[in-house]
Amino acid sequence: MKSKIVWDGNLTFIGTGENSCTEVTLDASKQAGGDDNGPSPMEMMLMSLASCASIDMVLILSKKRKKKITEYWVEAFGKRRDETPKYFEKIHMTFHLKGEDLNNQEVKKALELTEEKYCSVWHCFDPDKTEITYDYVIH
């Protein structure tokens, strides 16, 4: 796997991946000296975790459990340390699902499999430094 970022001035960078036809703009907030041209690298980490877990969740529920998901989203909240390096001390994700015949037992099991076995990004976080919790809502 390979990716590349190119500086685009001030604190803005344009990222591409070898398997992607889309560019991603990353930037720092105005408060940190950037221009707010895109998500910060730390926001991208939250999005990467949520999207990696979501790919697994959708695959488990729709392909393996044959559930029809009609809407799905994740809200991810991160609490960073005050000291440098300001990594995430805590991350909490709330998974929202709408669909046909979704039940608590299957969603809970899919989340457990996602956390314990499948989500590669989840396993990139050091559990001694970052506490990751989650809950879910079936709408």
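As the structure is a computational prediction, the values presented were derived from the model and not from experiment.
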Report all side-chain donor-acceptor pairs from residues 127-134 shorter than 3.5 Å, counting only partners two or more places apart or in another chain.
from, atom 1, to, atom 2, distance (Å)
Thr130, OG1, Phe88, O, 2.6
Thr133, OG1, His92, ND1, 2.7
Tyr134, OH, Glu115, OE1, 3.1

message: With a 3.5 Å distance limit and no angle check, can you tell me whether Lys67 reaches the backbone of Asp101 through a side-chain donor-acceptor pair?
response: yes
Heavy atoms from other residues, nucleotides or ligands near CD of Gln31 exceed 12 (cutoff 6.0 Å): no
field: side chain to side chain contact (heavy atoms under 4.5 Å, CB included) assessment of Ile138 paired with Val107
entry: CA-CA 9 Å; Ile138 300 173; Val107 171; 3.8 Å; yes
task: Decide whether Thr25 and Asn37 meet the rule of one side-chain donor and one side-chain acceptor closer than 3.5 Å.
output: no
query: Within the distance-only criterion (no hydrogens, no angle test), does the side chain of Ser40 pair as donor or acceptor with the backbone N or O of Ala28 below 3.5 angstrom?
result: no
Cluster check Ile55, Met93: I/L/V/M/F/W/Y, side chain < 4.5 angstrom: no
- prompt: Ser120 and Cys52: which non-hydrogen atoms are nearest, and at how many Å?
  reply: N-SG, 3.5 Å
message: Taking salt bridge (charged side-chain N to carboxylate O under 4.0 Å, His left out) as the cut-off, I'd like each qualifying pair that reaches into residues 84-94, sequence neighbours left out, listed once.
response: Lys79-Glu89
message: Can you list everything that forms a side-chain hydrogen bond (donor to acceptor under 3.5 Å, both in side chains) with Thr114? Sequence neighbours excluded, please.
response: none
Smallest separation among heavy atoms of Ile5 and Phe13, with atom names: CD1-CD2, 3.8 Å
query: If only atom types and distance count, is the side chain of Glu116 paired as donor or acceptor with the main-chain N or O of Leu113 below 3.5 Å?
result: no
- request: Taking side-chain hydrogen bond (donor to acceptor under 3.5 Å, both in side chains) as the test, write out the residues that go with Arg81, two or more places apart.
  value: Tyr87
Cluster check Ile69, Leu111: I/L/V/M/F/W/Y, side chain < 4.5 angstrom: yes
- request: Quick one: list whatever passes ring pair (Phe, Tyr, Trp, His ring centres under 6.0 Å) with His96, sequence neighbours left out.
  value: Trp73, His139
- prompt: Is the number of heavy atoms from other residues, nucleotides or ligands under 6.0 Å of Gln105 CD greater than 12?
  reply: no
Point-to-point distance, once rounded to the nearest 0.5 Å, from CD of Glu23 to NZ of Lys4: 10.5 Å
task: Spell out, as yes or no, whether a donor-acceptor pair under 3.5 Å connects the side chain of Asp27 to the backbone of Gly38.
output: no
- prompt: What side-chain hydrogen bond (donor to acceptor under 3.5 Å, both in side chains) pairs are there with at least one residue in residues 53-64, not counting sequence neighbours?
  reply: Ser54-Tyr72, Lys64-Tyr118
task: Would you sort out whether Val24 and Met44 count as a side chain to side chain contact (heavy atoms under 4.5 Å, CB included), showing the intermediate values?
output: CA-CA 10 Å; Val24 177; Met44 288 296 290; 3.8 Å; yes
